[in-house]
Amino acid sequence: MNRNQPPPQTPDMLRDDALLMQLADGELDPETEAAVLAQLEGSLAAQRKLASLEALGAFVKETTEGDARADGIVDAVMAAIEADEAQAAGDDSREPASQEPSVAAPRRDVPRARPANDNARSIFAIAGLAAAAAAALFLWSKTEPEEPTFAAAPLPEAPLVAPLAAKLDGSAAPTTNTPTNAAEPEAGVEVASVEFGSNQGSVFYVPGDGAATAVVWINDGGEDP
Amino acid sequence: MRAFMLAIAMTTTLFGSAAFAETPSGKPGSREQGAAKPDRSEATAELVVAHGTNGGKGIDPKLARHKELKNPPFSSYNSYALLEETTRGLSKGKPATVQLPDGRELKVLLEEVDEKGGKPTRFTVKATMKKPGSEESTVQFKAKPGVMFFVAGQRYEGGILVLGLKIR
């Protein structure tokens with residue numbers, strides 16, 4: 001390759017981002033579309049830009065499609081873009097006067113002139129606003145209170161509390177003063193002590209009317225009198 | 001918080017109005033002079049004696065209010081018949097004796113009465129069952145007023161005995 005040869009220039013049509021956007025959105029007439037596509041074959045940078053535009057469009061569409069809450073967001077985004085462009089145009093119109101500062105004038109930063117068809121700023125604005133809108137929708141959908149759901153079936157009865165350690169030898173006295181689960185019904189009765197004598201037995205807590213009650217079950221093993 | 005404030009307001013209203021109500025002596029705040037303080041050394045015991053079997057007859061309608069009989073461990077038996085229902089007065093330190101159908105003797109002793117605001121909040125009761133010629137079984141309950149507790153499982157006529165005791 002000859003080093004003195006200038007690098008290949010991007011075809012003029014491809015420098016117009018609006019054309020690429022229209023191409024990505026399928027809004028070009030067939031002739032223009034064919035021409036742009038023909039020029040695209042020779043510009044890798046333009047192909048990448050087109051791919052980015054298509055991906056961005058698909059992302060926004062996928063995020064907002066079918067969600068009624070997205071109504072108005074697109075309009076808001078476009079309004080923001082137009083305002084941004086209007087401001088940029090205003091800046092551009094004032095730039096010539098500031099591009100030749102006098103020697104005596106205090107130094108200040110002078111904005112760089114940019115090509116009139118360079119819409120990179122708009123693309124970044126679109127991308128930023130679209131990403132912000134998508135993020136807002138995502139968070140919105142996550143924070144929206146869910147519809148209250150009601151159990152279709154009646155709640156099951158409170159489970160039987162497991163029997164306490166049974167006093168089997170006639171000496172131990174199970175105590176039940178410490179509730180183990182705050183969700184259990186409040187105990188209306190507590191067994192402070194129990195002596196089964198020569199019998200065996202268990203202590204149960206069963207749900208009662210509003211409060212759990214105690215059942216001391218004696219397995220006397222005796223015969224019917 | 002709202003319920004808490006409401007409770008404070010109600011408590012203030014109730015007790016405040018009571019404290020400054022006109023008493024028989026005609027002087028506000030002198031409740032003790034005119035009203036007899038309830039004697040909390042006494043209580044009333046309601047005793048229910050039922051017979052549980054697997055006879056397939058279901059639960060006696062007279063026992064229908066005792067929903068506990070539908071739950072374990074009572075659900076081991078499908079039929080319950082009311083044998084006896086009685087009320088006994090209890091005095092602290094003096095056991096009340098009831099003869100049970102299986103020959104056992106049940107003694108119910110009121111040991112303690114916890115109070116709050118002049119009302120009983122919990123009774124400490126000792127129930128002792130003794131069969132002639134055998135060791136006795138003793139259970140000490142701490143029961144809120146009106147909550148029935150049970151002693152069950154003793155063999156009786158192909159089934160079991162269920163004793164329900166409620167203190168007021």
Side-chain angles (χ1 to χ4, degrees), chain A residues 154-181 184-225, chain B residues 51-53 65-77 100-104 111-112 121-167:
Chain A
L155 291 175
E157 292 184 0
L160 173 69
V161 178
L164 298 173
K167 198 234 45 129
L168 302 177
D169 57 4
S171 60
T175 57
T176 61
N177 295 334
T178 305
T180 56
N181 188 346
E184 294 172 0
E186 183 184 7
V189 179
E190 296 174 2
V191 176
S193 66
V194 58
E195 294 179 6
F196 290 111
S198 58
N199 302 316
Q200 296 182 348
S202 303
V203 177
F204 296 86
Y205 281 89
V206 298
D209 290 334
T213 189
V215 178
V216 175
W217 196 270
I218 299 175
N219 296 322
D220 59 3
E223 299 174 357
D224 295 339
Chain B
H51 183 209
T53 63
R65 68 180 185 277
H66 301 297
K67 296 183 173 61
E68 298 88 350
L69 297 178
K70 297 178 180 177
N71 295 322
F74 297 112
S75 55
S76 300
Y77 296 88
L100 298 176
D102 63 351
R104 285 181 173 86
E111 294 187 328
E112 290 286 340
T121 57
R122 190 176 298 265
F123 298 100
T124 302
V125 176
K126 181 182 285 185
T128 303
M129 285 149 293
K130 181 171 172 52
K131 191 175 182 179
S134 66
E135 294 184 50
E136 65 183 18
S137 301
T138 303
V139 185
Q140 186 185 43
F141 294 96
K142 291 181 180 294
K144 290 183 177 179
V147 179
M148 182 162 280
F149 51 93
F150 298 88
V151 177
Q154 305 97 318
R155 295 284 179 185
Y156 178 66
E157 292 188 359
I160 59 165
L161 275 184
V162 175
L163 312 179
L165 201 56
K166 182 189 294 184
I167 312 296

How many angstroms lie between atom CG of A/Asn219 and atom CD of B/Gln154, to the nearest 0.5 angstrom?
-> 10.0 Å
Taking C-beta and beyond as the side chain, do B/Phe74 and A/Val215 meet within less than 4.5 Å on heavy atoms?
-> yes
Please name the pair of heavy atoms, one in A/Thr213 and one in B/Glu68, separated by the smallest distance, quoted to 0.1 Å.
-> CG2-CG, 3.9 Å
Residue set satisfying salt bridge (Lys or Arg N to Asp or Glu O under 4.0 Å) with B/Glu111, at least two apart, ordered chain then number -> B/Lys126
For residues A/Ala192 and B/Lys142, report the shortest heavy-atom separation together with the two atoms involved.
-> CB-CE, 4.1 Å
May I ask you to test the A/Glu190-B/Arg122 pair for a side-chain heavy-atom distance under 4.5 Å?
-> yes
Honestly, the part of B/Ile160 sitting under 4.5 Å from a heavy atom of chain A is side chain
About how many Å separate CD1 of A/Ile218 and CG of B/Leu161, when rounded to the nearest 0.5 Å?
-> 10.0 Å
Side chain from CB out, backbone as N, CA, C, O: work out which of these in B/Glu136 comes under 4.5 Å of a heavy atom of chain A, or both, or neither.
-> backbone
Partners passing side chain to side chain contact (heavy atoms under 4.5 Å, CB included) against B/Thr121 (at least two apart in sequence or in another chain) | B/Asp114, B/Lys116
Where do A/Gly197 and B/Ser137 come nearest, in terms of heavy atoms and distance?
-> N-OG, 4.4 Å
Are the side chains of B/Phe141 and A/Val216 in touch, meaning some heavy atoms are under 4.5 Å apart?
-> yes
B/Met129, part contacting chain A, at a heavy-atom distance under 4.5 Å | side chain
Residue pair A/Ser193 / B/Thr138, side-chain heavy-atom distance below 4.5 Å | no
